[in-house]
Asker: 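Provided herewith is a single structure, encoded as structure tokens, for subsequent inquiry.
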Amino acid sequence: MTKPNVLSGMQPSAGSLHLGNYLGALINWVEMQDDYNAFYCVVDLHAITVAQDPAELRRNTRVTAAQYLAAGIDENKSALFVQSHVPAHAQLAWVLMTMTGFGEAGRMTQFKDKTQKGGTDVASVGLFTYPVLMAADILLYQANKVPVGEDQRQHLELTRDLATRFNSRFGETFAIPEGVIFKETAKIFDLQNPTAKMSKSGDPKGLVNIMDDSSVILKKIKSAVTDTDAEIRFDRETKPGVSNLLGIHSAISGQSIESLEDHFAGKGYGDLKSEVAEVVLSRIEPIRDRANELLTDEAELDRLLAQGAQKANELAEKTLGMVYDRIGFIPSGR
Ligand code: ATP
Ligand code: LTN
């Protein structure tokens, strides 16, 4: 029996992935490789929806790919590739844009959040159409499952709507994808501002980067905001900081929140932070070190990515060919 397909991606928009990216998404990618036909990409086309320095973008693309590998993505099991190496992403995105309502795109909350500060005048049209490109990423690979964090739920809904719309207008073409969003760890919060999601653009002190030095990570966890009563209990409403630390622990150690509450009964916040730091470091350190090692041989890394792009291109070209035909474009004769 053929395996179902999975696709996901992350932007190379920083020098490191953070704990939210890892626990919210990447950890699930690794687990899914065996049971799915997996496609994982570094979405550089998405990254340029906000200004990027060319040298940094190049560097960040390789750093992101190295972290995927270091976290356990196996290039022999999965197609690991860079989005701009597969031209069909931009091509399908154009087709889908012509089928997306202006108002529909305008309702995307990520666009609204990202333009809140500067207003829509400084935002690019690319940022506006970002979710449509994401839909193209997913639909090209006939993905049945898409492992992402909670913040991507609305973009997935749009993807499903576009797929359904295309299928009903032109005939069955795309698989309708489902999100894989794990509740407990779907959202990791900023250590300094535990009601906001951990983000590259948040407070640097509240952000744990995979590529950070261990001493830096330790310091950030030790300075995490908690609250004034001293009870270690999971309650997102009244105890967001403590709940976030318990969530991080649970996501890595695999222990349930209830068993952690029992374990920490009678202990103080200092104990909780020390143990969370220990659990995080024991997981992150080998990933960081392996990623750094992979980055010492850029030629080999680029070779792996080229090999991944070849695999990805095969399916992407096939889907795009079907789309072009159904729409009524005449064959190019290539
Ligand atoms: P950031 O807000 O840091 O810029 P992003 O969502 O724009 O993050 P991406 O690299 O595109 O950055 O995200 C990659 C994946 O990480 C997505 O699946 C996203 O849902 C997930 N993710 C990002 N932040 C968190 C978080 N704080 N908790 C859980 N998952 C997260
Ligand atoms: N928008 C996503 C990144 C992304 C993605 C994708 C995720 C781009 N294309 C396709 C899953 C599938 C984000 O996390 N900000």
Side-chain angles (χ1 to χ4, degrees), residues 5-11 13 17-18 20-29 32 39-43 45-50 83 89-90 92-120 123-168 174-190 193 195-202 236 240 244 247:
N5 293 355
V6 58
L7 172 124
S8 199
M10 297 199 195
Q11 303 186 69
S13 47
L17 296 178
H18 57 69
N21 301 141
Y22 176 66
L23 297 177
L26 188 51
I27 208 169
N28 302 325
W29 300 10
M32 294 177 85
F39 296 86
Y40 296 128
C41 63
V42 180
V43 293
L45 299 176
H46 277 104
I48 63 163
T49 53
V50 294
Q83 189 188 27
H89 290 249
L92 180 60
W94 175 257
V95 172
L96 296 176
M97 271 188 256
T98 65
M99 303 182 63
T100 309
F102 195 83
E104 190 176 28
R107 284 192 289 277
M108 295 294 117
T109 53
Q110 182 168 305
F111 177 76
K112 289 199 263 186
D113 292 348
K114 290 200 172 176
T115 50
Q116 212 164 32
K117 270 191 228 136
T120 47
S124 69
V125 174
L127 188 63
F128 186 65
T129 57
Y130 173 116
V132 186
L133 177 60
M134 174 163 165
D137 299 342
I138 297 168
L139 300 180
L140 271 180
Y141 300 94
Q142 306 290 356
N144 306 97
K145 300 281 177 185
V146 185
V148 284
E150 174 68 37
D151 58 328
Q152 297 303 308
R153 200 181 278 280
Q154 198 190 23
H155 291 163
L156 281 180
E157 225 25 72
L158 174 72
T159 306
R160 290 165 58 87
D161 288 347
L162 288 172
T164 309
R165 198 170 300 163
F166 191 99
N167 287 353
S168 65
F174 297 122
I176 310 293
E178 272 174 36
V180 179
I181 302 173
F182 284 100
K183 265 277 155 246
E184 279 324 345
T185 55
K187 196 161 178 184
I188 302 297
F189 295 83
D190 186 314
N193 180 14
T195 53
K197 80 160 191 161
M198 184 178 283
S199 164
K200 297 178 265 267
S201 50
R236 291 259 188 231
N244 190 34

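All figures in this text were calculated on a predicted structure; none of them were measured in a lab. When a residue number appears, it is its place in the shown sequence, counting from 1.
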Asker: Going through the distances and angles, do T159 and V146 end up as a side chain to side chain contact (heavy atoms under 4.5 Å, CB included)?
Answerer: CA-CA 11 Å; T159 306; V146 185; over 6 Å; no
Asker: Going through the checks in order, is the side chain to side chain contact (heavy atoms under 4.5 Å, CB included) test met by M134 and H46?
Answerer: CA-CA 8 Å; M134 174 163 165; H46 277 104; 3.8 Å; yes
Asker: For A163 and A175, which heavy atoms make the closest approach, and how far apart are they?
Answerer: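 Looking at all heavy atoms of both residues, the shortest contact is CB-O, 4.3 Å.
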Asker: Find the distance between CD (E150) and CD1 (I188) and round it off to the nearest 0.5 Å.
Answerer: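 Here the rounded value is 12.0 Å.
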Asker: Could you walk me through whether V6 and Y141 pass the side chain to side chain contact (heavy atoms under 4.5 Å, CB included) check?
Answerer: CA-CA 8 Å; V6 58; Y141 300 94; over 6 Å; no
Asker: Would you say the side chain of D190 lies within less than 4.5 Å of the side chain of S199, judging by non-hydrogen atoms?
Answerer: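 S199 does not reach D190 side chain to side chain.
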Asker: Tell me which pairs pass side chain to side chain donor-acceptor pair (under 3.5 Å) where either residue lies in residues 124-137, with sequence neighbours left out.
Answerer: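 Applying side chain to side chain donor-acceptor pair (under 3.5 Å) to every pair that reaches into residues 124-137, excluding sequence neighbours, yields Q11-Y130, Q83-D137, H89-D137.
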Asker: CG/L158 to CZ/R153 distance, rounded to the nearest 0.5 angstrom?
Answerer: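 Nearest 0.5 Å value for the CG-CZ distance: 15.0 Å.
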Asker: Can you name the nearest heavy-atom pair linking N28 to P147, along with the distance?
Answerer: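 What the structure gives for the nearest pair is CB-CB, 4.2 Å.
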Asker: Would you compute the distance between atom CZ of F189 and atom OG1 of T195 and round it to the nearest 0.5 angstrom?
Answerer: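 So the CZ of F189 and the OG1 of T195 are separated by 8.0 Å.
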Asker: Taking all heavy atoms of H155 and all of Q152, pick out the closest pair and write down the distance.
Answerer: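 Answer, listing the atom of H155 first, then Q152: ND1-OE1, 2.9 Å.
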Asker: Do you know which of L156, N5, L162 makes side chain to side chain contact (heavy atoms under 4.5 Å, CB included) with I138?
Answerer: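 Going through L156, N5, L162 one by one, the side chain to side chain contact (heavy atoms under 4.5 Å, CB included) with I138 is satisfied by L156 alone.
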Asker: Could you measure the distance from the CZ atom of R165 to the OG1 atom of T100? Nearest 0.5 Å is fine.
Answerer: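 Nearest 0.5 Å value for the CZ-OG1 distance: 6.5 Å.
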Asker: What are the two closest heavy atoms between G20 and M198, and how far apart are they?
Answerer: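 What the structure gives for the nearest pair is N-SD, 3.9 Å.
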Asker: List the residues meeting salt bridge (charged side-chain N to carboxylate O under 4.0 Å, His left out) with R107, not counting sequence neighbours, and say none if there are none.
Answerer: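 None.
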Asker: Just do the side chain to side chain contact (heavy atoms under 4.5 Å, CB included) check on V95 and F166 with the steps written out, would you?
Answerer: CA-CA 10 Å; V95 172; F166 191 99; 4.3 Å; yes
Asker: For K114, check salt bridge (charged side-chain N to carboxylate O under 4.0 Å, His left out) against everything at least two apart and list the hits.
Answerer: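 Listed in chain order: nothing, the list is empty.
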Asker: Aromatic contact between F102 and F128, with the criterion being ring centroids under 6.0 Å apart: yes or no?
Answerer: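 Centroid separation for F102 and F128: below 6.0 Å.
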Asker: Out of curiosity, D161 CG to L96 CG, how far, rounded to the nearest 0.5 Å?
Answerer: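 Taking CG in D161 and CG in L96, the distance rounds to 12.0 Å.
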Asker: Could you report the tightest heavy-atom contact between P131 and L127, atom names first, then the distance?
Answerer: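 Taking P131 first and L127 second, the nearest heavy atoms are CD-O, 4.2 Å.
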Asker: Taking side chain as C-beta onward, heavy atoms only, is I176 less than 4.5 Å from N167?
Answerer: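 A side-chain contact exists here, since the closest heavy-atom pair is under 4.5 Å.
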Asker: Enter the distance from L26:CG to N21:CG here, rounded to the nearest 0.5 Å.
Answerer: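 Here the interatomic distance stands at 8.0 Å.
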Asker: What are the two closest non-hydrogen atoms of L139 and P177, and how far apart are they?
Answerer: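 That closest heavy-atom pairing would be CD2-CD, 4.0 Å.
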